[in-house]
Q: 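Got a structure for you, written out below as structure tokens; questions coming shortly.
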Amino acid sequence: MLDVGKWPVFALLPPEELRLIRQACVFGSAANEALYVTVNDEVFALGTNCSGCLGLGDLQSTIEPRRIDVLCGKKIVSLSYGTGPHVVIATADGEVFAWGHNGYSQLGNGTTNHGLTPAQVSTNLLNKRVTEVACGSHHTIALTTDGEVFAWGYNNSGQVGSGSTANQPTPRRVSSCLQNKVVVNIACGQLCSMAVLDNGETYGWGYNCNGQLGLGNNGNQQTPCRIAALQGVNIIQVACGYAHTLALTDEGFIYAWGANSYGQLGTGNKSNQAVPTLINTDKERMVEVAACHTSHTSAAKTQSGQVLMWGQCRGQAVACPHITHFASTDDVFACFATPAVTWHLLTVDGDDYLTVAQSLKREFDSPDISDLKFLVDGKCIHVHKALLKIRCEHFRVLLNETDEESIEIHQFSYLVYRAFLEYLYTDIINLPPEDAIGLLDLATFYRETRLKRLCQETIKRGISEENAITLLSAAVKYEARR
């Protein structure tokens, strides 16, 4: 089941209908339009229907879902929308359909007439299989299985990459320096486009007055240009906000550049950056970055599932990544972005796929396939020797010298030692500040520098009148940084 309850546009749907939703997208200038796909591959729309963007064949708004017959049975794999709004989808068969606002030919059909029903985008795409689509305010780009990018629509700043500023009425391959290169990921800001290659290089084109192309200048680009400042950095995902860009590396770091008046770059200030700037250096590994061309909000997700947000959040400027209680980056945009639209197509995977991090977390202290147990204060903690060797130098040495299947620990409490082992599986400290002092002692003993730093941060965040003396004593003992 897909939880769409955080989006008000779904508030009037009965529970039995909500349970059938497998995919959903919320868009529009006030997050007042939505499309969704059911488990039976039926497609429904509801909302204000500006410019016919619901694809229902008319301009009537509807508070109750209406079925889009032409899309039923089509398996949607990618969906994006512009601010007109116009909507573009790619199906599992590689077909592209578009509808809605078309004042700048963003539907790719050669006209500027609004499209009231989904129509296949065929010019230059009939023999191609499109896997991903992305829309700016009034332009569209599409990625094929061959790694080619096609673009069409509004082009006042060169965002379709054709080498001119004339609007592009039908799909045209973006070639120039992307010729003979394989693109694997695309994204659009309001008036710019980004592409990531299979070798980790990143290219940008279009509007650049806020430095959102990351080229070190503020000049618009009418053809793709490689971001030279990322030389040697392997980018795997890019996401664009209204006028800023986020990029995720294969090592889990985030670079940001472009407009920063709301702190959306996460650099701690509000100064625009025309070159990629590394952020979140003290955080754990990131696995996803999120931004939407309609807002100045940024979000990211860590390997252990923590969600961070920064930028414009309900009108406030949050200049540093802030840890939330959310389970997904989607929730950030539902609750804090303006407008509160979805940054990508919400999808429920039919299978029970777990990431590496989720799998490891699930197996911690599980006796099923563990090959080692620690006995602490008379209690057992079940672990896996291979993982301990990989994660901790102390255990690499210890476990290479012993074949024991059970090890007794006397110098640390059960609570502290379990938290230490859980950290090795999850990268997270699961202890209150007072107990983190004992973990700090352990981290010092085992020479775990990062764990020591995380303990210090946990203790610092938890200082209160009741525990201040205790925590201060610990800070002095362990020479903690202020």
Side-chain angles (χ1 to χ4, degrees), residues 83 134 136-137 157-159 185-196 202-221 225-231 233 235 237-249 252-283 286 288-302 307-324 326 329 332-333 335-341 343-344:
T83 54
S137 61
S157 304
Q159 58 265 45
N185 179 231
I186 55 174
C188 290
Q190 274 278 299
L191 298 167
C192 70
S193 307
M194 304 293 300
V196 179
T202 306
Y203 288 73
W205 61 98
Y207 189 74
N208 192 36
C209 288
N210 297 288
Q212 56 261 61
L213 299 186
L215 304 175
N217 60 52
N218 295 107
N220 295 348
Q221 291 288 327
C225 188
R226 185 172 68 85
I227 302 178
L230 291 175
Q231 177 76 37
V233 178
I235 301 299
Q237 186 214 340
V238 68
C240 293
Y242 186 95
H244 76 287
T245 308
L246 306 174
L248 177 68
T249 76
F253 295 109
I254 298 176
Y255 285 86
W257 59 93
N260 197 29
S261 54
Y262 295 94
Q264 59 263 49
L265 300 187
T267 54
N269 59 50
K270 296 182 184 178
S271 302
N272 291 3
Q273 296 289 336
V275 292
T277 303
L278 183 64
I279 63 170
N280 76 288
T281 48
D282 285 337
K283 301 288 188 301
M286 299 292 167
E288 179 181 81
V289 288
C292 180
H293 74 268
T294 60
S295 70
H296 309 288
T297 305
S298 301
K301 191 172 186 177
T302 70
V307 173
L308 298 96
M309 72 177 187
W310 61 100
Q312 188 180 30
C313 300
R314 280 283 177 110
Q316 289 192 60
V318 179
C320 291
H322 182 84
I323 294 176
T324 71
F326 295 135
T329 54
V332 170
F333 291 86
C335 300
F336 282 91
T338 306
V341 295
W343 73 273
H344 65 165

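All values below come from the heavy atoms of this structure, side chains included, with hydrogens, waters and symmetry mates left out.
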Q: Going by the rule side-chain hydrogen bond (donor to acceptor under 3.5 Å, both in side chains), which residues pair with Asn260 if we only count those two or more places apart in sequence or in a different chain?
A: Thr267, Asn269

Q: Could you pull out the closest heavy-atom pair between Ala291 and Phe333, with the gap in Å?
A: CA-CZ, 3.7 Å

Q: A side-chain contact here means heavy atoms from C-beta on lying under 4.5 Å apart; do Gln237 and Val289 qualify?
A: yes

Q: How far apart are the C-alpha atoms of Ile279 and Trp310, what are their side-chain angles, what is the distance that settles it, and do they pass the side-chain contact (heavy atoms from CB on, under 4.5 Å) test?
A: CA-CA 12 Å; Ile279 63 170; Trp310 61 100; 3.6 Å; yes

Q: Say you draw a straight line from CG of Leu213 to CD of Gln221; how long is it, rounded to the nearest 0.5 Å?
A: 6.5 Å

Q: List the atom of Cys188, the atom of Gly136, and the distance in Å for their closest heavy-atom pair.
A: CB-N, 3.6 Å

Q: Measure the acute angle between the ring planes of His296 and Tyr262, then classify it against the limits of 30° and 60° as parallel, tilted or perpendicular.
A: parallel

Q: Does any N or O in the side chain of Ser137 come within less than 3.5 Å of the main-chain N or O of Thr83, such that one atom is a donor and the other an acceptor?
A: no

Q: Does any non-hydrogen side-chain atom of Tyr203 lie less than 4.5 Å from one of Arg226?
A: yes

Q: For residues Ser295 and Thr338, determine if any side-chain heavy atom of one lies less than 4.5 Å from a side-chain heavy atom of the other.
A: no

Q: So which atom in Gly189 and which in Cys240 form the shortest heavy-atom distance, rounded to 0.1 Å?
A: N-CB, 3.4 Å

Q: Check whether any side-chain heavy atom of Pro276 sits under 4.5 Å from a side-chain heavy atom of Ile227, and report yes or no.
A: yes

Q: So, do Gln273 and His244 sit near enough that their side-chain heavy atoms are less than 4.5 Å apart?
A: no

Q: Taking only residues two or more places apart in sequence, or in another chain, which ones meet Trp257 in a side-chain hydrogen bond (donor to acceptor under 3.5 Å, both in side chains)?
A: none

Q: Would you indicate whether the side-chain heavy atoms of Leu265 and Thr277 approach each other to under 4.5 Å?
A: no

Q: With heavy-atom distances below 4.5 Å as the criterion, would you say the side chains of Gln159 and Tyr207 are in contact?
A: no

Q: How close do Gly214 and Asn208 get, counting heavy atoms only, and between which atoms?
A: N-OD1, 4.3 Å

Q: Could you list the residues that satisfy side chain to side chain contact (heavy atoms under 4.5 Å, CB included) with Ala259, not counting sequence neighbours?
A: Asn210, Ala243, Gln264, Asn272

Q: Output the distance between atom CG (Leu308) and atom NZ (Lys301), rounded to the nearest 0.5 Å.
A: 11.5 Å

Q: Mark yes or no for whether Ser193, through its side chain, and Trp205, through its backbone, hold a donor-acceptor pair below 3.5 Å.
A: no

Q: So, for Ala300 and Met286, which heavy atoms are closest and what is the spacing to 0.1 Å?
A: CB-SD, 4.1 Å

Q: What distance do Leu230 atom CG and Thr202 atom OG1 have between them, rounded to the nearest 0.5 Å?
A: 5.5 Å

Q: Can any side-chain N or O of Thr297 pair as donor or acceptor with the backbone N or O of Gln312 at less than 3.5 Å?
A: yes

Q: Hey, could you give me the CZ/NE2 distance between Phe336 and His322, rounded to the nearest 0.5 Å?
A: 7.5 Å

Q: What heavy-atom pair brings Thr324 and Met309 nearest, and what distance separates the two atoms?
A: CG2-CG, 3.7 Å

Q: Do the non-hydrogen side-chain atoms of Val196 and Met194 ever get within less than 4.5 Å of each other?
A: no

